[in-house]
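To start, the structure under review is shown below, and the notes come after it.
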Amino acid sequence: MMEAFDKAAMLWQSAKRFARLYRRSASAGEIDVGQLKNYGVGIINESAAAGVATIIVVGAPRSGTSMVAAALDSLGVYLGDQADKAVFEDLQFANAIENSPSELPAIIAQYNDAHNVWGFKRPMAFQSVENYLHLFREPRLVIPFRDPVAVAKREEISMVCDFRDQLRRVVELNLEIVTFIEKVSVPVLLVSYEKAIFESANFVTALADFCGLQPSGRAKSRAMDVIRNGPDLYLKMSQVRFAI
């Protein structure tokens, strides 16, 4: 008798669980899943761009800063006369911010006079740019993050570094970047490199909106075309294993 009672109780509990699952399934059909999608971008200190801006691209080396800069270039953002089409780094500006900060005001004034929106990319500049943010007109930071294993492997392949050392290094750099983000008060766009690769249209739209740009459909298409993992020119120009 007791055994039959226990079995009936188990069946009753199973029926109740099934009923709960059915109700949840029915209500789930009414949810707009578009509101649950994760496109891998986030904004800190959000404020709308007002027609003028300086876009500063920083991040751990190999984290996707060149991809972000390539997209900005395709959207028509000036990145400097000496910015090549492989890594998009303005050598004049990089030298000033790292070695001759007294030259920054003149360079910034020159770029401000010529461009409403301009930018520069220098991955490790997050370690020093905080000291000079007040010099820029409406500064806005773009910081990509990438899978640490992929970053460490790229350093091993291209720069002949120890994989384990690089894995620890990129994790430590990411923590340093988070600390930097917590200290600044300017708008910051955080980007997942992997999500940007697979959701390029959403990334380009988010980037353009953050920078206050109104690109044509053709410009957006060009930007989407340059968003890919490891373009050949980048791989050739950012390694030490083979002579160029």
Side-chain angles (χ1 to χ4, degrees), residues 41 43-45 47 49-146 173 176-177 180-181 183-191 193 196 203-204 206-213 215 219 222-223 226-227 231 233-234 237-238:
V41 295
I43 299 177
I44 295 176
N45 306 324
S47 69
V52 295
T54 307
I55 313 303
I56 302 169
V57 183
V58 297
R62 310 289 185 177
S63 64
T65 54
S66 294
M67 179 268 291
V68 172
L72 288 171
D73 179 69
S74 296
L75 291 170
V77 176
Y78 175 79
L79 296 175
D81 290 333
Q82 297 185 38
D84 63 47
K85 297 299 182 181
V87 295
F88 296 91
E89 292 188 22
D90 183 348
L91 299 181
Q92 178 188 18
F93 206 94
N95 181 67
I97 202 166
E98 291 176 0
N99 303 310
S100 305
S102 61
E103 298 177 6
L104 282 174
I107 299 174
I108 291 171
Q110 175 189 340
Y111 289 0
N112 284 346
D113 288 343
H115 309 277
N116 287 333
V117 179
W118 62 274
F120 72 91
K121 170 240 172 179
R122 191 67 169 175
M124 295 295 288
F126 70 85
Q127 294 180 323
S128 59
V129 75
E130 182 185 3
N131 300 320
Y132 311 117
L133 282 177
H134 65 282
L135 299 175
F136 296 104
R137 180 181 61 186
E138 299 296 329
R140 305 176 77 82
L141 292 157
V142 182
I143 306 178
F145 285 84
R146 186 181 184 186
L173 285 175
E176 189 176 340
I177 291 167
F180 164 68
I181 292 167
K183 291 193 294 183
V184 299
S185 59
V186 303
V188 185
L189 177 67
L190 305 178
V191 179
Y193 175 85
F203 165 64
V204 168
L207 182 64
D209 289 347
F210 178 77
C211 298
L213 306 175
R222 286 198 304 268
V226 301
I227 297 172
L233 182 60
Y234 169 81
M237 299 300 292
S238 61

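Contact annotation: the side chain of F120 approaches that of I97 to within less than 4.5 Å [non-hydrogen atoms, C-beta and beyond]. Between F136 and W118 the shortest side-chain heavy-atom distance falls below 4.5 Å. The shortest distance between side-chain heavy atoms of V87 and K121 falls below 4.5 Å. Contact of the L207 side chain with the V191 side chain is not registered, since no non-hydrogen atoms from C-beta on lie closer than 4.5 Å. Residues F93 and L104 form a side-chain contact, since some pair of their non-hydrogen atoms from C-beta on lies under 4.5 Å apart. At least one side-chain heavy atom of L173 sits under 4.5 Å from a side-chain heavy atom of M124. Between P123 and R62 the shortest side-chain heavy-atom distance does not fall below 4.5 Å. Residues I177 and F145 have side chains in contact (heavy-atom distance under 4.5 Å, counting atoms from C-beta outward).
Atom SG of C211 sits about 13.0 Å away from atom CD of E138, to the nearest 0.5 Å. With values rounded to the nearest 0.5 angstrom, M67 atom CE is found 9.0 Å from R146 atom CZ. We find the CD1-CG distance between I55 and L75 to be 10.5 Å, quoted to the nearest 0.5 Å. For the atom pair I107 CD1 and D90 CG, the distance stands at 7.5 Å (nearest 0.5 Å).
Looking at every heavy atom in both residues, G59 comes nearest to I143 through CA-CG2, 4.2 Å. Counting all heavy atoms, side chain and backbone alike, A71 lies closest to F203 at CB-CE2, 4.1 Å. Minimum interatomic distance between Y234 and A86 (heavy atoms only, all atoms of both residues): CD1-O, 3.8 Å. Y111 and G80 make their closest contact through OH-CA, 4.1 Å (heavy atoms, listed as atom of the first residue, atom of the second, distance). Residue R122 comes nearest to V58 through the heavy atom pair O-CG1, 3.4 Å, listed as atom of the first residue, atom of the second, then distance. Considering every non-hydrogen atom in both V142 and P144, the closest pair reads O-CD, 3.9 Å.
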- Message: side-chain contact (heavy atoms from CB on, under 4.5 Å), that's the test. Do F88 and L72 meet it? Break it down for me.
- Response: CA-CA 10 Å; F88 296 91; L72 288 171; over 6 Å; no
- Do V129 and F180 pass the side-chain contact (heavy atoms from CB on, under 4.5 Å) test, and can you show the C-alpha distance, the side-chain angles, and the key distance before you say yes or no? CA-CA 10 Å; V129 75; F180 164 68; 3.8 Å; yes
- Could you go step by step and tell me if E98 and S128 meet the side-chain contact (heavy atoms from CB on, under 4.5 Å) rule? CA-CA 8 Å; E98 291 176 0; S128 59; 5.5 Å; no
- For I108 and R137, run side-chain contact (heavy atoms from CB on, under 4.5 Å): C-alpha distance rounded to whole Å, both residues' side-chain angles, the deciding distance at 0.1 Å, then the answer. CA-CA 9 Å; I108 291 171; R137 180 181 61 186; 6.0 Å; no
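Ring planes of H115 and Y78: parallel class, angle under 30° (limits at 30 and 60°).
In this structure, the side chain of D73 does not engage the main chain of L79 through any donor-acceptor pair within 3.5 Å. Without hydrogens or angle criteria, R140 side chain to L189 main chain gives no donor-acceptor distance under 3.5 Å. Checking side-chain atoms of N45 against main-chain N and O of V186 turns up a donor-acceptor pair under 3.5 Å. Using modelled atom types, no side-chain atom of T65 and backbone atom of V57 make a donor-acceptor pair closer than 3.5 Å.
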